[in-house]
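So you know, we letter chains A, B, ... as the sequences are listed, proteins then strands, and number each from 1. We use all heavy atoms of the structure for the numbers below, so side chains are in, but hydrogens, waters and symmetry mates are not.
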Amino acid sequence: MKIASIVTYLTIALLSIGQVEAQKTFGTRNGQIIFQSPSDEDVKAINNEVSSRLLDNGTLTFSLLIKGFKFKMAEMQDHFNTQYLQSTQFPRADFTGNITNIKSVNFTKDGSYPVQVTGNLTLHGVTQKVAANGTIVITKGKPLAKANFPIQIKDFGVNAPDVTEKVTIAVNCQYQ
Amino acid sequence: MKKWMKVLLLAVGIGLIAGLLLVYWIFNKPHRDVAKEMGIALSAQQLYDSFRTNEASANSQYLDKAIELTGTVADVSTNQEGQKVVNFSTNDPLVMINCTFKTDPGNLKAGDSITFKGICTGYIPDANVVINEGVLIK
């Protein structure tokens with residue numbers, strides 16, 4: 001009886017692994033995300049160590065480390081980490097979401113496909129729903145994800161009234 | 001009276017110069033140079049193990065610190081800015097120590113064992129421990 005149930009579980013487990021493998025996953029450990037103030041060109045930070053996964057069913061995740069953001073000015077980078085984003089207390093930002101119109105993307109055909117993305121963004125320990133329009137560009141079967149969308153930093157408990165209220169998040173991730 | 005004026009002028013002058021120096025320093029403060037720092041010596045596996053077992057304690061030990069890491073190269077690539085990126089293997093095939101180099105570490109291939117210094121920016125579960133500003137030691 002016991003052995004029979006173990007066999008059943010194993011079979012189910014194996015079957016579900018089979019199903020996961022039937023889906024195609026694209027990943028990168030070094031995608032790019034830029035935080036930019038729309039009102040001040042100098043307030044710009046680049047992160048080139050974004051881990052992201054894109055499944056051909058539309059599931060999309062991004063994770064990055066706040067301490068990986070580089071500013072041109074070292075002093076600005078210090079303020080960003082210590083005063084505004086408290087990156088020692090909240091080292092990571094995560095997004096999990098979906099491409100809602102994934103059916104319109106043909107992963108096997110080169111081209112540029114407009115997409116709508118919705119999901120949850122966790123930044124500075126606060127999770128908020130976000131929505132963005134973006135583009136998936138397929139080149140030789142490899143996708144590139146691009147998007148540009150604003151967030152109100154107050155929504156994430158970040159107060160920097162002297163610096164900026166809005167931050168534009170620019171995503172540019174080439175998958176393998 | 002005259003002496004008093006001189007002292008005041010001198011004080012204002014010093015204040016002005018100090019202010020200008022401060023502004024200059026804020027705009028030109030150099031970025032951190034990890035090559036000049038002492039690194040915490042670790043193997044790639046040790047670094048991953050400490051993040052996997054207790055992320056919070058590993059964060060307090062290694063986050064923002066100079067790390068001198070020794071590991072086996074899994075793959076070498078270039079990021080979207082043209083910098084060299086080296087992944088070091090751990091005992092989990094899905095998890096890498098991901099290092100972006102500030103200076104070109106030269107020709108490396110999978111299987112090479114190297115030691116380098118860099119700054120640890122943290123851990124992304126099921127993906128990698130991230131180190132940037134890497135400089136090759138040997």
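Within the 4.5 Å cutoff, the side chain of A:Asn81 has heavy atoms near those of the A:Ile66 side chain. At a threshold of 4.5 Å between non-hydrogen side-chain atoms, the residues B:Leu69 and B:Cys99 do not count as touching. Under the 4.5 Å side-chain criterion, counting only non-hydrogen atoms from C-beta, A:Phe95 is not in contact with A:Leu123. A 4.5 Å side-chain heavy-atom check between A:Thr96 and A:Thr59 finds every atom pair outside the cut-off. Residues A:Thr139 and A:Lys142 are not in side-chain contact: their nearest non-hydrogen atoms beyond the backbone lie 4.5 Å or more apart. Within the 4.5 Å cutoff, the side chain of A:Phe149 has no heavy atoms near those of the A:Thr168 side chain.
Nearest heavy atom pair, residue A:Ala145 against residue A:Tyr175, reads CB-CE1, 3.7 Å. Shortest non-hydrogen contact noted between A:Glu41 and A:Lys44 is O-CB, 3.7 Å. Nearest heavy atoms, A:Pro143 versus A:Ile138: CB-CD1, 3.9 Å.
Contacts between A:Arg29 and chain B at a heavy-atom distance below 4.5 Å involve backbone atoms as well as side-chain atoms. Contact of B:Asn98 with chain A is made through the side chain alone, with heavy-atom distances under 4.5 Å. Only the side chain of A:Lys70 comes within contact range of chain B, judged by heavy atoms closer than 4.5 Å. Heavy atoms of A:Asp94 lying under 4.5 Å from chain B are absent altogether. Only the backbone of A:Leu64 comes within less than 4.5 Å of a heavy atom of chain B; no side-chain atom from C-beta onward does. Proximity to chain B (any heavy atom under 4.5 Å) is shown, for A:Thr28, by neither the backbone nor the side chain.
By the 30° and 60° cut-offs, the orientation of the rings of A:Phe35 relative to A:Phe69 is tilted.
Below 4.5 Å, heavy atoms of chain A meet heavy atoms from B:Asn59, B:Leu63, B:Asp64, all part of residues 58-68 of chain B. Interface residues of residues 30-45 of chain B toward chain A, defined by a heavy-atom distance below 4.5 Å and sorted by number: B:Pro30, B:His31. Scanning residues 73-92 of chain B against chain A with a 4.5 Å non-hydrogen threshold yields B:Asn79, B:Gln80, B:Glu81, B:Gln83, B:Val85, B:Asn87, sorted by number.
If you tally non-hydrogen atom pairs under 4.5 Å between each of A:Cys173, A:Ser51, A:Ser87 and chain B, the highest count goes to A:Ser51. The greatest number of non-hydrogen atom pairs below 4.5 Å with chain A, out of B:Val130, B:Asn28, B:Thr121, is found for B:Thr121. The candidate from A:Glu75, A:Gln77, A:Met73, A:Met76 with the greatest count of non-hydrogen atom pairs under 4.5 Å with chain B is A:Glu75.
Residue pairs meeting the side-chain hydrogen bond (donor to acceptor under 3.5 Å, both in side chains) criterion with at least one partner in residues 150-164 of chain A, sequence neighbours excluded, are A:Ser37-A:Thr164.
The residues A:Arg92 and B:Glu55 are annotated as salt-bridged, a charged nitrogen and a carboxylate oxygen being separated by less than 4.0 angstrom.
A:Thr135 and A:Tyr113 share no donor-acceptor pair across their side chains, judged by distance under 3.5 Å alone. Donor-acceptor pairing under 3.5 Å is lacking for the side chains of A:Asn98 and A:Thr100.
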Passes ring-ring contact (aromatic ring centres under 6.0 Å, His included), A:Phe90 versus A:His124? Steps please. CA-CA 6 Å; A:Phe90 309 109; A:His124 193 238; 5.0 Å; yes

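Remark: A:Lys146 NZ is loosely packed, at most 12 non-hydrogen atoms of other residues, nucleotides or ligands lying under 6.0 Å away. Heavy atoms of other residues, nucleotides or ligands lying less than 6.0 angstrom from NZ of A:Lys166 number 12 at most.
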